[in-house]
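Remarks on the structure that follows.
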Amino acid sequence: MSRIPLIAGNWKMYKTGPEAIETATQLVRLCTDVQDMDIMIAPTMLSLPLVAQSVQASNIKLGSQNLYFEKEGAFTGEVSAAMIKAAGAQYAIIGHSERRQFFGDTDALVNKKIRAALSCGLKPILCIGETEEQRDAGKTFLILDKQVSDGLKGVVLDELTDLVLAYEPVWAIGTGKTADTLQVDEVHQYLRSLLENLFSKTFADSVRILYGGSVKPANVADLMGIKDVDGALVGGASLDADTFFNIINYNS
Ligand code: PGA
């Protein structure tokens with residue numbers, strides 16, 4: 001089963017509108033000749049419609065970093081899946097560890113957000129990952145199992161075609177520490193077999209599983225060389241267009 005790699009940039013709470021336009025415009029120029037790869041950037045909500053203009057008619061797709069699960073209503077400060085879709089996004093990052101850590105995104109809330117994304121035709125990137133304490137306590141697989149099972153609870157296979165999974169060990173995010181290739185290989189294989197048990201082998205074989213956590217030009221080729229790694233979710237190293245392009249272009 002061939003899975004087109006996805007390299008996704010999470011810009012977090014960085015860049016004003018003009019700054020986001022500038023980086024996106026540089027990236028469009030750098031990536032014109034990139035083929036056989038999906039590229040996505042996730043600016044802040046505020047910059048989504050602006051960046052949508054910059055990447056229009058290019059091979060760069062847009063994503064949001066979050067969404068709220070309700071369709072509309074009195075939910076001050078929140079943005080719905082339909083609004084994100086209408087702004088030009090195709091993807092939505094859901095359950096990022098910073099959301100879980102700082103904004104109370106539980107597995108149950110993540111599940112509602114996944115369903116909201118799917119119901120609007122947004123491709124959810126479900127982020128999962130263990131903390132350092134959980135890994136040290138030998139609970140990595142237990143935690144990942146719960147995050148995947150609860151995050152996808154009640155969702156039927158037919159609705160899930162566009163799901164992307166992102167394994168991001170919390171201890172590797174923004175720390176400069178990357179999981180070693182053996183650790184990544186072991187977890188990605190585990191996740192694919194988990195999806196097979198929960199859904200089906202055909203589905204499990206078709207899902208893209210990204211690695212995230214201190215991905216940079218120097219380590220991306222090794223990570224992408226792992227059989228079950230189908231792309232990367234990049235934070236810090238996606239903020240600069242040249243650096244992010246060096247990650248995208250890791251094969252050349
Ligand atoms: P990082 O972030 O690449 O800066 O470690 C990854 C992420 O948060 O998705």
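For the single chain, residues carry numbers from 1 onward in sequence order. Whatever order the structure lists them in is the order used to number ligands and atoms, beginning at 1.
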Among protein heavy atoms, which lies nearest [atom], and at what distance?
{"atom": "atom 4 (O) of ligand 1", "value": "G236 N, 2.8 Å"}
{"atom": "atom 3 (O) of ligand 1", "value": "G235 N, 2.8 Å"}
{"atom": "atom 9 (O) of ligand 1", "value": "E168 OE2, 2.6 Å"}

* Asked: Would you find a donor on one side and an acceptor on the other, under 3.5 Å apart, between the side chain of N246 and the backbone of P217?
  ->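 No; zero donor-acceptor contacts below 3.5 Å.
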* Asked: Does R99 use its side chain to pair, donor to acceptor, with the backbone of G104 at less than 3.5 Å?
  -> no
With a 4.0 Å cut-off on heavy atoms, is [X] touching ligand 1?
{"X": "K216", "answer": "no"}
{"X": "G212", "answer": "no"}
{"X": "S214", "answer": "yes"}

Does a donor on one side chain sit under 3.5 Å from an acceptor on the other, for [X] and [Y]?
{"X": "K15", "Y": "T23", "answer": "yes"}
{"X": "Q183", "Y": "Y167", "answer": "no"}
{"X": "S149", "Y": "D145", "answer": "yes"}

* To do: Can you spot which of K113, R100, K112 makes a side-chain hydrogen bond (donor to acceptor under 3.5 Å, both in side chains) with D105?
  =>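 Among K113, R100, K112, the one that satisfies the side-chain hydrogen bond (donor to acceptor under 3.5 Å, both in side chains) with D105 is K113.
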Using a strict 4.0 Å cut-off to heavy atoms of [X], name the atoms of ligand 1 that fall inside it.
{"X": "H96", "value": "7 (C), 8 (O), 9 (O)"}
{"X": "G213", "value": "5 (O)"}
{"X": "A172", "value": "5 (O)"}
{"X": "G174", "value": "1 (P), 4 (O), 5 (O)"}

* May I ask you to decide if the ring planes of F141 and Y190 are parallel, tilted or perpendicular, using 30° and 60° as cut-offs? =>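 Answer is parallel, since the angle falls under 30°.
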